[in-house]
Amino acid sequence: MGRLLNPSQIKFYEAVNSEIYVDKTNLLRYVNSVIRTEQKYICVSRPRRFGKSVTANMLMAYYGKRNDARSLFENLDIAEDPGFEKHLNQYHVIWLNMQDFLSVAEDIGGFINRIRNSLITEIRKEFVQMGIVREHYDIADLKEYLYDLYEYTYTPCVFVIDEWDCIFREYRESENIQKAYLDFLRDLLKDEEYVALAYMTGILPIKKYGSHSALNMFDEFSMTNAGPLSEFVGFTEQEVAALAQEYSMDKDELKLFYDGYHMEGVGAVYCPRSVVSALRFRRFDYYWNQTETFEALRLYVDMNFKGLRDSIIIMLAGGRCRINIRDFQNDMVSLAGRDDVLTLLVHLGYLAYDQRNSEVYIPNEEVREEFVHVVSRSKWEEVSYAILNSEKILTAIWAGNEQVVAEGIQQAHLETSYLQYNDENALSYTIALALYTARNYYTVIREFPSGKGVADMVFLPRKKYSDKPALLVELKWNKSAEGAIAQIKQKQYSKVLEEYKGNILLVGINYDKKTKEHDCVIETWAGE
């Protein structure tokens, strides 16, 4: 048993025996269905904190020939699969964490040679004396050793490659180094009989050069299209609900902070690392920045592509933006415009992607806080000011101070005046930024069906702020704030809150296109 060749099952053992373990072993059902077929090449790209390494450790424990993992898996979901016994510990596993090799290599040649030499050393150590592999091969001829291993043991290899894309993150602008790396992987893996399975994980999908890809044999499952692996991207709604009950944690708060990623056929997907941290420490907090620095986001937010700033402001305000992901080159430098930047942020986990509608959005409050953190330290002073001023506006609403609210919204409009401001939808983005602090106290719902129509914005107090009044906000364009209040009453928008026992404030806001001013009316709801 070696470090790279048939490693032990200890890492997966530790995961299963941790305080919180969510069983994702049914992923093996799919992998078992493609092993030793033409679909045996799998590339899974996920952001950090989404359990890629845990999955890799699971594959090594399950397939590795030198392990006896029956007792480890027999109480997990995969044990119910008819193919469980067929593939359990039946393969030589080769484990490559590319980041480990890259961190000690001086150049691409040294990086590749270290991989070859390390693997050959382990193969020779275990199998030369048994007469299974020969000693006279050139030390760099890794494939000859792998063929001997396959032919004399009648056992093919499962390659598990973690951080496969680290070259593209470390050498972002060196196309020659990237191509050399892709050619090495292709030569090692493509169309070779000793390969039963190649499973790669990373943050980025596979890099393509023009119409050609050196690794075009791989099926790719990413944050923009996870396909049959969607339920294994993160924690599902059902899994988090069970954990919330077990730990007596508020599932609505877990959803607010860590949900928001959406996968076709599965629905809500939560960030696993953040959920586990919140449950273990019994605290809803911003765990994102413990594994990422805000400079990683700031670099892309500050790019001066047309429409990028407007899109981020709209998403900060709770909106969504349509994008085209097809031209993204799967790297961190070939960014030709707004859509490429937003697509990259999807793969990095800073944005979520709605595949059906081709829309991106900020998934949850944890990530939204990172955007606010970046914006407050970037060149966006005007947006930062609007957010900082939002506490004053919210306090004025609670106090019924209509003039202060109108003046605050007016200022927020001026601060974000480069947004196209010509309808109620644009007005709603300004209001959302002007009331940004409200997210600390409320669940904010836009266009909420209620009574005989749709309420523009509803602010429902979160459980721990039940002393705050609920807010029904109606927006008007070139009409009147009084008319907005009248519409709330006429269309019975308050019915959405008929089960709510606290105070309700009706807030009408109008923008006069001629005077370019806002006005506000606030009433306490007195019932029918």
Side-chain angles (χ1 to χ4, degrees), residues 1 6-46 49-95 97 155-162 195-201 218-222 226-243 246 263-267 269-270 272-273 275-276:
M1 187 174 294
N6 294 321
S8 77
Q9 59 184 287
I10 187 62
K11 290 182 179 179
F12 187 59
Y13 173 88
E14 291 175 348
V16 171
N17 286 279
S18 294
E19 177 184 348
I20 298 173
Y21 172 71
V22 174
D23 189 345
K24 295 287 187 178
T25 57
N26 272 331
L27 171 68
L28 291 165
R29 291 176 182 258
Y30 176 81
V31 181
N32 285 344
S33 74
V34 300
I35 200 167
R36 261 315 190 199
T37 73
E38 292 182 349
Q39 290 74 46
K40 61 189 174 185
Y41 300 99
I42 301 171
C43 181
V44 174
S45 56
R46 301 278 187 274
R49 303 159 300 277
F50 274 77
K52 298 186 298 295
S53 295
V54 173
T55 301
N57 294 334
M58 175 184 72
L59 293 173
M60 290 188 289
Y62 177 74
Y63 289 115
K65 194 173 182 64
R66 290 294 186 264
N67 289 319
D68 182 5
R70 185 179 307 277
S71 61
L72 183 57
F73 285 92
E74 63 184 359
N75 294 318
L76 300 177
D77 290 344
I78 188 59
E80 302 298 321
D81 183 64
F84 171 66
E85 299 279 354
K86 178 180 179 181
H87 298 286
L88 180 65
N89 303 140
Q90 295 299 307
Y91 301 89
H92 293 302
V93 167
I94 292 178
W95 158 243
N97 185 320
T155 304
C157 296
V158 167
F159 287 80
V160 180
I161 303 174
D162 202 4
V195 178
L197 173 75
Y199 184 98
M200 300 197 309
T201 71
F218 276 86
D219 286 330
E220 298 190 61
F221 306 99
S222 71
L229 304 188
S230 292
E231 67 178 290
F232 309 110
V233 170
F235 291 171
T236 65
E237 192 86 65
Q238 295 78 12
E239 289 165 344
V240 172
L243 288 169
E246 179 182 351
M263 296 293 144
E264 284 293 304
V266 174
V269 172
Y270 292 66
R273 169 68 179 273
V275 170
V276 168

For Tyr91, all residues meeting side-chain hydrogen bond (donor to acceptor under 3.5 Å, both in side chains), sequence neighbours excluded: His87

Partner set under ring-ring contact (aromatic ring centres under 6.0 Å, His included) for Tyr13, not counting sequence neighbours: none

Can you name the salt bridge (charged side-chain N to carboxylate O under 4.0 Å, His left out) partners of Glu264, sequence neighbours left out? Arg356

Return each pair, listed once, that meets salt bridge (Lys or Arg N to Asp or Glu O under 4.0 Å) where at least one residue sits in residues 230-239; pairs must be two or more places apart or across chains. Lys24-Glu239, Glu237-Lys255

Please list, chain by chain and in numerical order, all residues satisfying side chain to side chain contact (heavy atoms under 4.5 Å, CB included) with Ser71, sequence neighbours excluded. Glu74

Contacts of type side-chain hydrogen bond (donor to acceptor under 3.5 Å, both in side chains), residue Asp162, not counting sequence neighbours: Ser53, Thr201

What I'd like to find out is whether the side chain of Phe235 reaches to under 4.5 Å of the side chain of Val276, using heavy atoms alone. yes

Residues 75-94 vs salt bridge (Lys or Arg N to Asp or Glu O under 4.0 Å), sequence neighbours excluded, gives Arg29-Asp81, Arg70-Glu85

Apply side chain to side chain contact (heavy atoms under 4.5 Å, CB included) to Ala56 and list each qualifying residue two or more places apart in sequence or on a separate chain. Trp95, Val160

For Asn32, all residues meeting side-chain hydrogen bond (donor to acceptor under 3.5 Å, both in side chains), sequence neighbours excluded: Tyr62, Tyr63

Under the salt bridge (Lys or Arg N to Asp or Glu O under 4.0 Å) rule, what pairs show up with a residue in residues 9-23, not counting sequence neighbours? Glu19-Arg280

Excluding sequence neighbours, so at least two apart, what forms side chain to side chain contact (heavy atoms under 4.5 Å, CB included) with Thr55? Leu27, Met58, Tyr199

